[in-house]
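Below is one structure; the comments refer to it alone.
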Amino acid sequence: SSQLDSNETLFDNPDVTRLYNAIKLSGRTPGKTGLGFFNAISAPAYATFHNTTDDSYRRVETNPMTNYNCFIYEKIFGKNSYIGFANTFVLRNGLARDAVVSSLQGRKSDKTNKFAVEGFFDYSQVFNAGESAPSSGFRYYVEGGKVSGKFIAKLKHKMVSSTFDCNDMGYLDRKNYYNFGTTIGYNIFKPFGTFMWTINEVNADLSFMYEPSHRTFFTISGKHIYTFRNFHTVGINWLTNPIKSYDYFETRVPGRYLIYPKNYELGGFLSSDYRRKFSLDLNASHRIFLERNRTITKYSISPRWRVTDKLFLVYKWENE
């Protein structure tokens, strides 16, 4: 629309891009090395404008011919460890934007897979016409700790810079933040007493804006799930933001933020035996904000009908 003259209207703008070709090759060697390659070339796209003064038409290129490339390498070593590399490269015809994203990923555990550390590091470069240097950004994530057994404990950290951009051949829903988190759990997957198994987990997450650095959210949450020997299941979940939160993303305006007061939520669910022909799920939660007349109550009822072993139907009624 920004390319329309005052006496023009948009006559046609296709929302589907044609492909000239696409090819994908992938596989794994006997030595546990995985390789993958993808390439596709899309045709240029054009919009048609109609001049209402002289009844003429003109075409404007809205997307140039584009070459998409992706290469992946992965090497498995041991039983539960690996290292990998991925690269995407998007090349557009003419003076349009080009982009490269490289990623290094890996996981290392001990022989029993009791302790492990894993993560990734991504680096993006965007080349715009008229700019002497590319716009670069990064993203990384690391997590480690005790990952198996009844008791688990993990630490995690993630950071996404304000200039990281992988959207040419990927999807990024949010950037310009970093956070720290921890998970502590106690799980039993063998029958005990009247129960078949149980999952208990507590999480704490502290988030910040990357640029400018400012605390945004501090959340503590937990879930406790118990399945009985008759395969009925009951669960409790809870969440709290014990201090004020600052949401810099909701406003869509740089430098402005939305303040959330302290709040607390308690919920739970009941599920009957899914092996039966008919079963039922019940869910409810109540959230209280330390602000006058501000609460959120949710509940739902969801019956399930297992028509065959390969088909089941679910109806859900909920209120908020």
Side-chain angles (χ1 to χ4, degrees), residues 28 32 34 74-84 105-120 141-158 179-206 219-240 264-286 298-314 316 318:
R28 190 173 294 278
K32 297 183 179 181
E74 182 190 68
K75 175 66 176 180
I76 298 175
F77 56 95
K79 291 184 177 181
N80 299 285
S81 302
Y82 74 93
I83 187 169
Q105 309 139 21
R107 185 181 193 271
K108 182 67 175 74
S109 68
D110 62 355
K111 293 182 179 180
T112 61
N113 197 37
K114 183 176 291 186
F115 297 91
V117 60
E118 61 183 308
F120 61 81
Y141 176 79
V142 61
E143 173 185 297
K146 188 175 183 295
V147 297
S148 65
K150 288 185 177 181
F151 175 76
I152 62 170
K154 297 183 290 185
L155 295 174
K156 56 186 178 181
H157 170 52
K158 185 176 184 179
N179 57 38
F180 302 89
T182 182
T183 298
I184 298 175
Y186 186 79
N187 309 314
I188 301 176
F189 297 109
K190 294 182 179 180
F192 66 99
T194 59
F195 301 103
M196 286 290 293
W197 54 268
T198 179
I199 293 177
N200 297 275
E201 192 174 281
V202 176
N203 299 277
D205 295 279
L206 180 61
T219 304
I220 304 174
S221 61
K223 64 179 181 180
H224 311 276
I225 302 173
Y226 291 84
T227 295
F228 297 89
R229 288 183 179 268
N230 59 6
F231 288 93
H232 296 326
T233 300
V234 60
I236 297 174
N237 53 273
W238 53 272
L239 176 149
T240 177
Y264 308 90
E265 182 178 48
L266 179 64
F269 72 89
L270 294 170
S271 293
S272 62
D273 185 359
Y274 280 4
R275 300 175 303 170
R276 296 181 178 178
K277 201 79 171 176
F278 294 95
S279 56
L280 183 67
D281 292 323
L282 303 174
N283 288 268
S285 66
H286 184 66
K298 302 178 183 179
Y299 52 89
S300 67
I301 301 174
S302 182
R304 302 166 61 99
W305 175 32
R306 183 167 58 82
V307 183
T308 69
D309 290 340
K310 297 181 179 180
L311 174 67
F312 68 90
L313 303 176
V314 178
K316 186 173 184 179
E318 60 184 345

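Model, not experiment: these values are computed from the prediction.
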Q | F192, CZ atom: more than 12 neighbouring heavy atoms under 6.0 Å | A | yes
Q. Does the side chain of N179 come under 3.5 Å of the side chain of Y141 through a donor N or O and an acceptor N or O?
A. no
Q: Would you verify whether the NZ or CZ of R304 falls within 45 degrees of the ring axis of F312 while also being under 6.0 Å from that six-membered ring's centre?
A: yes
Q.
Could you measure the distance from the OG atom of S300 to the CG atom of D281? Nearest 0.5 Å is fine.
A. 8.0 Å
Q: Apply side-chain contact (heavy atoms from CB on, under 4.5 Å) to the pair K75 and Y82, showing each step before the final yes or no.
A: CA-CA 6 Å; K75 175 66 176 180; Y82 74 93; over 6 Å; no
Q) Is there side-chain contact between F151 and K146, with heavy atoms separated by less than 4.5 Å? A) yes
Q. Would you say the side chain of F195 lies within less than 4.5 Å of the side chain of I188, judging by non-hydrogen atoms?
A. no
**Q.** Side-chain heavy atoms of F228 within contact of D273, under 4.5 Å
**A.** no
Q. Would you say the side-chain atoms of T183 pair up with the backbone N or O of K154, donor to acceptor, closer than 3.5 Å?
A. no
Q) Would you call L270 and T233 a side-chain contact if the rule is heavy atoms closer than 4.5 Å? A) no
Q. Has the side chain of H286 got a donor or acceptor atom that lies under 3.5 Å from a matching backbone atom of L266?
A. no
Q: Over all heavy atoms of both residues, which pair between N80 and R107 is shortest? Give the atoms and the distance, please.
A: O-NH1, 2.6 Å
Q.
So which atom in H232 and which in S272 form the shortest heavy-atom distance, rounded to 0.1 Å?
A. ND1-CA, 3.3 Å
Q: State whether a side-chain donor-acceptor pair under 3.5 Å links S148 with N113.
A: no
Q: Kindly compute the distance separating CD (E118) from CD (Q105), expressed to the nearest 0.5 Å.
A: 11.0 Å
Q. Quick one: CZ on R229 to CH2 on W197, what's the gap to the nearest 0.5 Å?
A. 14.0 Å
Q: Take V202 and S221 through the test side-chain contact (heavy atoms from CB on, under 4.5 Å) and record every step on the way to the result.
A: CA-CA 6 Å; V202 176; S221 61; over 6 Å; no
Q: Identify the heavy atoms of R276 and R306 that sit nearest to each other, and give their distance.
A: O-NE, 3.6 Å
Q.
Measuring from atom OG1 of T240 to atom OH of Y264, what distance do you get when rounded to the nearest 0.5 angstrom?
A. 5.0 Å
Q: Give the C-alpha distance, both sets of side-chain angles, the deciding distance and a yes or no for side-chain contact (heavy atoms from CB on, under 4.5 Å) between L282 and I301.
A: CA-CA 5 Å; L282 303 174; I301 301 174; 3.9 Å; yes
Q) Is a donor on one side and an acceptor on the other found under 3.5 Å between the side chain of K277 and the backbone of V307? A) yes
Q: Pick out which of Y226, F189, Y186 makes a side-chain contact (heavy atoms from CB on, under 4.5 Å) with I199.
A: F189
Q.
Assess the residue pair K156 and D205 against the criterion (salt bridge (charged side-chain N to carboxylate O under 4.0 Å, His left out)); give the C-alpha distance rounded to whole Å, side-chain angles, the decisive distance to 0.1 Å, and a yes or no.
A. CA-CA 9 Å; K156 56 186 178 181; D205 295 279; 3.7 Å; yes
Q. Is there a side-chain contact (heavy atoms from CB on, under 4.5 Å) between F120 and V142 once you walk through the steps?
A. CA-CA 7 Å; F120 61 81; V142 61; over 6 Å; no
Q: Check whether the side chains of H224 and N200 place a donor and an acceptor atom closer than 3.5 Å, and report yes or no.
A: yes
Q) Do you know which two heavy atoms are closest between S109 and S81, and how far apart they sit? A) N-OG, 3.0 Å
Q) Does NZ in K316 sit with more than 12 non-hydrogen atoms of other residues, nucleotides or ligands closer than 6.0 Å? A) no
Q) Would the number of heavy atoms belonging to other residues, nucleotides or ligands and lying under 6.0 Å from CG of L280 be above 12? A) yes
(Q) Would you say that T219 contacts L239 through its side chain, given a criterion of any heavy-atom pair below 4.5 Å between the two side chains? (A) yes
Q: With the side chain counted from C-beta on, respond yes when L313 and W305 share a heavy-atom pair under 4.5 Å apart, and no when they do not.
A: yes
Q: For salt bridge (charged side-chain N to carboxylate O under 4.0 Å, His left out), just list the numbers for E74 and R28, CA-CA rounded to whole Å, side-chain angles, deciding distance to a tenth of an Å, and then say yes or no.
A: CA-CA 9 Å; E74 182 190 68; R28 190 173 294 278; 2.7 Å; yes
Q: Supply the atom-to-atom distance K223 NZ to E201 CD, rounded to the nearest 0.5 angstrom.
A: 5.0 Å
Q) So do N187 and T198 actually touch side chain to side chain, heavy atoms under 4.5 Å? A) no
Q.
Looking at every heavy atom in both N237 and G268, which two are closest together, and how far apart are they?
A. OD1-N, 3.6 Å
Q) Mind checking whether F269 and I225 have side chains closer than 4.5 Å, heavy atoms only? A) yes
Q. Could you state the interatomic distance from CD (E143) to OG1 (T182), rounded to the nearest 0.5 Å?
A. 10.0 Å
